[in-house]
Every structure is written in C-alpha cells, then in structure tokens.
Amino acid sequence: MHGELAASWPLKGVTIVATDKKLLLIDGNSVAFRAFFAMHDALDSMTNHDGLHTNALYAFRNMLKNILEKVDPTNVLVAFDAGKTTFRTKKFAEYKGTRARMPGELAEQLPYMHKMLDAMGIKWYELKDYEADDIIGTMAKEGAAAGMAVTVLTGDRDLTQLASDRVTVQVTVKGGGQLEAYTPASFQADLGITPKQFIDMKALMGDNSDNYPGVNKVGKVTARKLVQQYGSVEGIYEHIDAMKPSKMKENLLNDKEQAFLSKDLATIRTDAPITVGLKDTDYSGPDTAALRAVYEELDFNSFLKDLAPDEADAVVQKDLPVTPLTSAVLTKALAGKAPKAVMIEMLGDNYHTEPVIAVGVGTPDQWYVATSDEILRDKLFQSWLANDAQVKYVFDAKRNYVAAHRFGATINGIDFDMLLVSYLLNTVDNSNDLGAVAAQHGYHGVEPDATVYGTGKKRQIPEGHDVFVQHIAHKMAAVYNLKDQLIKDLQDHAQLDLYTDLERPLAIVLANMEIAGIKCDPDTLRKIGASLKDRLRDLENQIYTEAGHEFNINSTKQLGTVLFDEMKLPPVKKTKTGYSTSVDVLEKLQDQSPIIQEILNYRQLAKIQSTYVDGLLTTIHPDGKIHTRYIQTLTQTGRLSSQDPNLQNIPMHQDEGKQIRKAFVPSHDGWELFDADYSQVELRVLAHVSGDKNMQEAFKENRDIHANTAMKIFHLSDPSQVTDNMRRQAKATNFGIVYGISDYGLSQNIGISRTQAKEFIDAYFEQYPQVKTWTEQIVKTAREQGYVETIMHRRRYLPDINAKNRNLRQFAERTAMNTPIQGSAADIIKVAMINMAQALQQQKLQATMLLQVHDELIFEAPKEEIPILAKLVPSIMDSAVKLAVPLKVDSSSGATWYDVK
DNA sequence: GCCCTCACG
DNA sequence: ACGTACGTGAGGGCC
C-alpha cells in the first residue's frame, strides 16, 4: 500500500518504488566530458605535482558526490565507451565521424578516473563494440525488471529515451552544476511524446553531432509533429500513401532507407552482451585508505579533508615548526646560502602606510616569525635583506620592498615572486590573497587572510598567538613549496624571460617610483577648489530655477525624473535601472533646454571638485608627496594600473580639469618635471605584428598616420585634400581597428550611419590588407590555442572564444585582436622603464622616474640635467625593442605637470 | 556592494 | 533578433 502511494510521488526527481533497492547508472564518458569543460577555465591551473591535469577529475568527483547524496543508491555502475569503433560504425561508417578527438588533457585523466572509482568501491565497465549508452540501456532494463528504482546520470540527452516508470534520466546542465530530470511525464509535458518516441523523432531529424542523416528538410518541429500523428517511423511509412503530395512527402520517400538506418543507430540497445550483473554493482562506500592514496596522488587536499576531516586536518594544517624571530636568533635563522621565504605582513592594502604586524623568514625546516616590526630595524637583518647573494622567495616583491624601505631596509636578491609568476601564468583572478593563489595552483591548506584576520571593520590580528604565527608560517611554506612548480610552468609557457628580464626587475623599478612619489601642492588644489565651489553654486541655482525646484543633481534617478517626467524631454536611452543621463544622451538634448548645458557644466566641474580637488587632497602624505601604488598583477593585457590615488587619469583634455596638473610640481627648488611619451605606439605595434606594408611605409616615412588613413579611406591623392573632419574620422577608424572594430561601435563613436561606418572599415581593410588578414588570423589562433600572446609572450586566455553565446564570443574575438596590441605596447614601455632606471643609475644622475601613464613617463630632475634627459630618455624609449617600424618619442619639460604637455 | 557616470591611455 | 568598440579607478547615490 505504502509502495503504491509513494510510486506516484516524485521526490527530488527520483521515483520511489516498492523495492528499496536503488540502481545508479552513470554515463562515464559524457559526464567526464561535461566535467572537463565545466572546469575548462581552470585547466592550466589544475595540475598535480607530476603535471597531470586534474580539472575533469576534480569536477567528476564533485558530480559523483552530488548524485550519490541525492540518489543514495544500493547499486552503482559507471559505463565507459570501449573505443571508437562499435557495431554502429560497422553499420554506418560515418557514425560519429565528425566528432573531434578527445582532448589529450582529458584523455590523460581517464585512467585516474578508473582508479578513483575503484577506490570509491564503484564498479566501472566497458564493452568492446558497444557504447556506454548500450551498457546503461541493458543494465537499466535488468534493474527495472528486478523492481529497482533506476537513475541514469548523463550529459547526453540521447539517453532520455530510457526514461520509464522505473527509470529516471538525470541530465547535467549548466556545466554540470545542475540536473534536469527526464521522466515519461516530463516528456509528455515538453514534447507530447513518449521517451521511446524520442528515438523516432531523432531518426527523422538526424543528428549532426552523431553524424547520421535523418530525412532531408525535417527538423525538430516537423519530426515531432509526424511522430505525434503517426506514432513512429514505421507508422509514418505505413500511412505514407495516404499523405497529400508535398515536398515533405517526397523527402520522406527519398530518405526512407536513411530514416530506418537512423532509427537503428539512435536506438540504445537493451540486450548488449554484457558480462556484469546486478550483483556486481553492489555499492557500500569507498575504501578510505585507497581513496586517500588516489587523492594524495592527485593533490586533492580539500577532498582529503572531506575524507576524514580530523585526520586530514592534521596532514594539511599540521603545525609547522616556528620559533620567534628575534635579534638573538638571527645568526641561526639567516645561516647558510639556501633560499629562504620572507614575509612582511600588513593587514591593509596600502603598504605605504599600513602598520607591519609580523615579519617572517625561513625554510620548511624551521620558520621564524616576529609579531612586531622591530626586527626590520636590526642591522644584521637589514644587511641580510640587502645581500643580493641571499636568495629570497616572496609573495608580492613590491609590497615587501616598499614596506622594508620604511624601516630603512632594502631587499635585494628576490628570486621568486609567487604573485607575479601566478599573474603571468594566468592573468585571471589574481587576488592578493596568498591562500587563494596557492589553491589555484593546487596547493591547498593555506587559510585565506579573510578567515584568519576577518574583513572590513572586524579585521584584526587573531587573538590566538599560535594561530597568527602558524598562518604566517603556512603562507611562507606555500611560497616556498610552489616555487619549483610555478617556475616550471613559466618555462612550459616560454615565459621565463618575461619574468626574469621584465616583470621581476620592473617590480623594483616601480617600488622606487612609488617610494619617490610626486610632490603635490595643496594650496594650488585649494585655490582651484574655491573657484569651483562658487561656480558650482551658481550652476546649481540656475538648474534649480530651470527645474522649478531643488533636487540632488548628482542623483541620476532624481535628474531623470526632472528631465524626462517633469520637463517631458524625450528619453534617448535607458539603463538597467531607469533613464540614462550620460553625456551622449544629454548632448542629444542640448538644444531643447538651457538646463542641459548647465547640467553638463555642473557634472564636469563636480567631477573635478570631488575626485581631483577633494580626492587628491586626502592622499597627500606628510612629506608633501603623493605615493600611488602601481598594481602590476591586475590588468588582463599587461598594463599597469594605479590606485590610492589613480595618477593615470588626471584630467588632460579640457582646460578646466587640466588646471589640476598645475598642482604637480618637482620636489626640490631648481628642479623641473620632464615628460616623454610614445607617439602612436599601439598603431606602430599593429603595423609590426600585422606586417602590413602600407601601414609600415607610413610610419617609416614618418607620415601623419591618421591623415594617411584618411587619404586611403577617402581615396585622396594628396595630403592637402585631407580636411580636419576626414582626419578625425580616420583617427577614430584607426582606434576602432585597435579595439577590434564593429561598424556599430564606429558609427556611434563618430556620429555617422552604420552603413557609412561599414564603408570606412571596408575601405580601411582594402588599403591595409594585411591588417585584415592579421585580425582574422589572431582570432583563429585564439580559437585553436585558447589564448593570445604579446611580443614578449605575455598570455591572455580567452575561454569564451568558442562560446555558444554570441555576445560572449564576439567580445572574446575583439579581445583577441586588442590584447596583443595593447599588451605589446605595455611590454615595450616596461622594457624602457627598466633600461631607463638602469641608465639613470649608471650615469649617476639625480633625475628620478616618478610616473608611468601607459605610453608616457614623467621624471623630475635638476634643471641642469634636463638637456641630458632630453637626449637620453627618447633614445632609451625608442630603442626598447626593435620593431619593423621605428618608435617615435616626444618630450618636453616644465615647472609643473601642466606645463610639460 | 552595486550602479551610474566620467576621468585617463 | 540582438547588443556592440579595448584597458582601467574613483566618487556619489541608493538599498
């Protein structure tokens, strides 16, 4: 009685039947595929100590765990395909003929999957000449006949034909994270057919992926209609004579043989000659010792923890040997020539000001940790830090270098910077958290800082002293232990030179620029602020008068209400949350009301006031300087970014904002600022990488590239025919190419029609044909290898390059074109910076490099050194790398940053 | 913490 | 039919 009632109750997609036996059948190959692609982004970061990829194993194990918990089976079998040839390929040679071979990175994981299943006490099976589907079909039938509740787990919808009262088919969707249950009822609801009729539908439709044909011109909709009407393929042909003449009838008659063949191929066998029986599938849980060995082999430390939490904790989180780091133990702690990990710990991001809460040094044999900053003033420690011959491993060289400098110490001999190396290996998700970065590389067991210290207002030094010093020790151990693996990965990527010759020395150059800082005169800022305050008050009043009442102009919501509801101006564009009030929208409304111009002026001045007057004033240090932080491990292209404050976006284009630059001055009397910037560096890189002869010629002959492009796209014969407007449009087109052009984007940017934009682009590619070839080639390369590279082998992965979602895919395509250009330009100026720092030192100049703004370097120097810089800086910058076209550098000097440009 | 807007190359 | 230039950081509003 109870059983019958329960039978009609689907619970978690599993039908409960009278017997308490539950059989779980898993389509090993298809779930492995899903697992592999679900964690494809992590492919390169997930390898074990032998370099074996483990992403599919990791995800497969998680999927397995989920389904085991969900079904709680008494019997389990995982079926695998035995090989490429099966009875189906004997019947139809082309069957699955178009399938790409299994990626090598997945194939290498399959033997370990088998090993893991063995250790889990789960039977797995493959059968020559049959697919996993047929093994599952046959076992499902046996299980159902024995009264068991059968669940099939697969990533392939073809298996849904097995659904019945006793068999539920769970299909992994959304990268394997979720399941979709197929039952006879769900079939009826979705398609109006039975699971068995799904075979007939597939027979008529054909299957591109399995590469069998079906009937010409019959797709999903027609196939479903035919099956609903006639019941089966056989039913259709029994009644075909009665059908009215039509193209479809003709196709059905022509392809009759194919339809029956396809049905045969699509039908999963339930009578395969399998040599396993239900009794072989008894499941009673894993052999813990064997499973531990497998997880250890795969470096699955988090799974080890799950396996036996207490025991595994002892393995992963076991106490490391730590001694307090004091002057008394220094001789011992720093003895020997062996490399040592070093760590200067601060809670917050801004290492220019954050208190140092701990200092650590050591090797896995013995760690030394101090929980104050005192040791940084110790002369012996300082001389060890400064000793280039003492090899050091760190996480974030620049951070440690700058912090040490505050105590009068200099760190030399940094060999391994785990953060920097990790960023070069994969630019994505490089958090500042050591534990997270270590985990990315398969090294688990370092707690995230947020766990140990807390976040936000609650962030603090842990109360337990041991917890604190152990955390520091575990972090140093991770750095130490990951060194060999990460350096090997760099070598495998051909990125070792990028690291040792470029990024690693650059970290020190940047540290010294940050430490130098740039002097900023608060009085200049305050004067600008006072004048802005008056003008803003006037504008506010005018705007309130126009609007008829006061409101918060800074609130886009309130502004939208005023403009579009109250004043009835036509809304041009919407955002996710309401009306858009951005500059391009307001400019379109400009002639409709004087309020628009007032708002534009207000916005412009308010931005200068809040971000550049008030904002900058709060960032001036007691030494009268601004010390930004260049973030070296953030951008996806290899550029730097600048924070606290951002000195890479100080106003330039409009005179009002540009006044801010007058506050940036030299730090000594009798000194000046000196500025040098690359001219058209990105387009020169494009001319180089594309090999385009026309573009290269323009640069070799030092022509105005935008005018040159204008002549080409407007088909002019003489430079004098180029009008300002033509040059402007040509310039935008040049930029568009660098950004990975679209006709829509270009049309929006320069306010022309989409058709016209398309004409520009076509003309452009006609005139620079090798640029066109290059854009096509780089996208193809990205598709094939999954990443693109700069001239210095900086790498950016583009997981979306093969996405089904068009937006994602096209975005990845534009990125594939832009990153080699923007990134190579970043490489070039980085080389120049290193050479520049070296030259200043060698020539014993007082001149100091202060800022980098992507294609521009800013120095300060005694006036008498300015003529030297005027020769030296451009020559070093334009010879940083040798391209197929010359690099050009413009420079100037002046009393303030305003005056140098 | 997210959204919008706007500053730079 | 649909959303679109590439790469960043910061301030203010609002929930």
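Predicted model only: the values in this text are computed from it and were never measured. Here is how names work: the chains are called A, B, and so on, in the same order as the sequence lines, proteins then strands, and each is numbered from 1.
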Approximate separation, where rounding is to 0.5 Å, of A/R684 CZ and A/I821 CD1: 14.5 Å
Across every strand shown, the nucleotide meeting Watson-Crick or G-U wobble geometry with B/dT5 (both distances under 3.5 Å) is C/dA10
Record whether the side chain of A/Q648 comes under 3.5 Å of the base of B/dC8 through a donor-acceptor pair of N or O atoms. no
Compare side-chain N and O positions of A/R603 against OP1 and OP2 of B/dC6 and report whether any pair is under 4.0 Å apart. yes
Rounded to the nearest Å, what distance is computed from the CZ atom of residue A/F551 to the C1' atom of nucleotide C/dG12? 15 Å
Determine the contact category for A/D644: base if any of its heavy atoms lies under 4.0 Å from a base atom, sugar-phosphate if only primed atoms, P, OP1 or OP2 are that close, otherwise nothing. sugar-phosphate
When you measure from the side-chain N and O atoms of A/N552 to the phosphate of C/dG13, is any distance below 4.0 Å, counting only OP1 and OP2? yes
Grab the OH-C1' distance between A/Y579 and C/dC14 for me, whole Å please. 18 Å
Hey, are the side chains of A/I626 and A/P645 touching, using non-hydrogen atoms and a 4.5 Å cut-off? yes
Should the pair A/W897 and A/F664 be assigned to parallel (<30°), tilted (30 to 60°) or perpendicular (>60°) ring geometry? perpendicular
Is any side-chain N or O of A/S555 closer than 4.0 Å to OP1 or OP2 of C/dC14? yes
Just checking A/D855: base, sugar-phosphate only, or nothing, at a heavy-atom cut-off of under 4.0 Å? sugar-phosphate
Between A/S641 and C/dG9, does any side-chain N or O lie under 4.0 Å from OP1 or OP2? yes
Nearest whole angstrom, please: distance from the C1' of B/dT5 to the NZ of A/K607. 7 Å
Parallel, tilted or perpendicular: rings of A/F564 and A/Y579 (30°, 60°): tilted
Is the distance from OP1 or OP2 of C/dT4 to the nearest side-chain N or O of A/R754 less than 4.0 Å? no
Between P on C/dC14 and NZ on A/K576, what's the gap in Å once rounded to a whole number? 18 Å
Would you indicate, yes or no, if B/dC4 has its OP1 or OP2 atom less than 4.0 angstrom from a side-chain nitrogen or oxygen of A/S582? no
Touch check for A/V853, heavy atoms < 4.0 angstrom, all strands: base, sugar-phosphate only, or nothing? sugar-phosphate
Please report, rounded to the nearest Å, how far the C1' atom of B/dG9 is from the CD atom of A/E682. 7 Å
For atom CG of A/D655 and atom C1' of B/dC8, their distance in whole Å: 17 Å
To the nearest Å, how far apart are A/D675 CG and B/dC8 C1'? 14 Å
Is A/Q810 touching bases, backbone alone, or none of the nucleic acid, heavy atoms closer than 4.0 Å? base
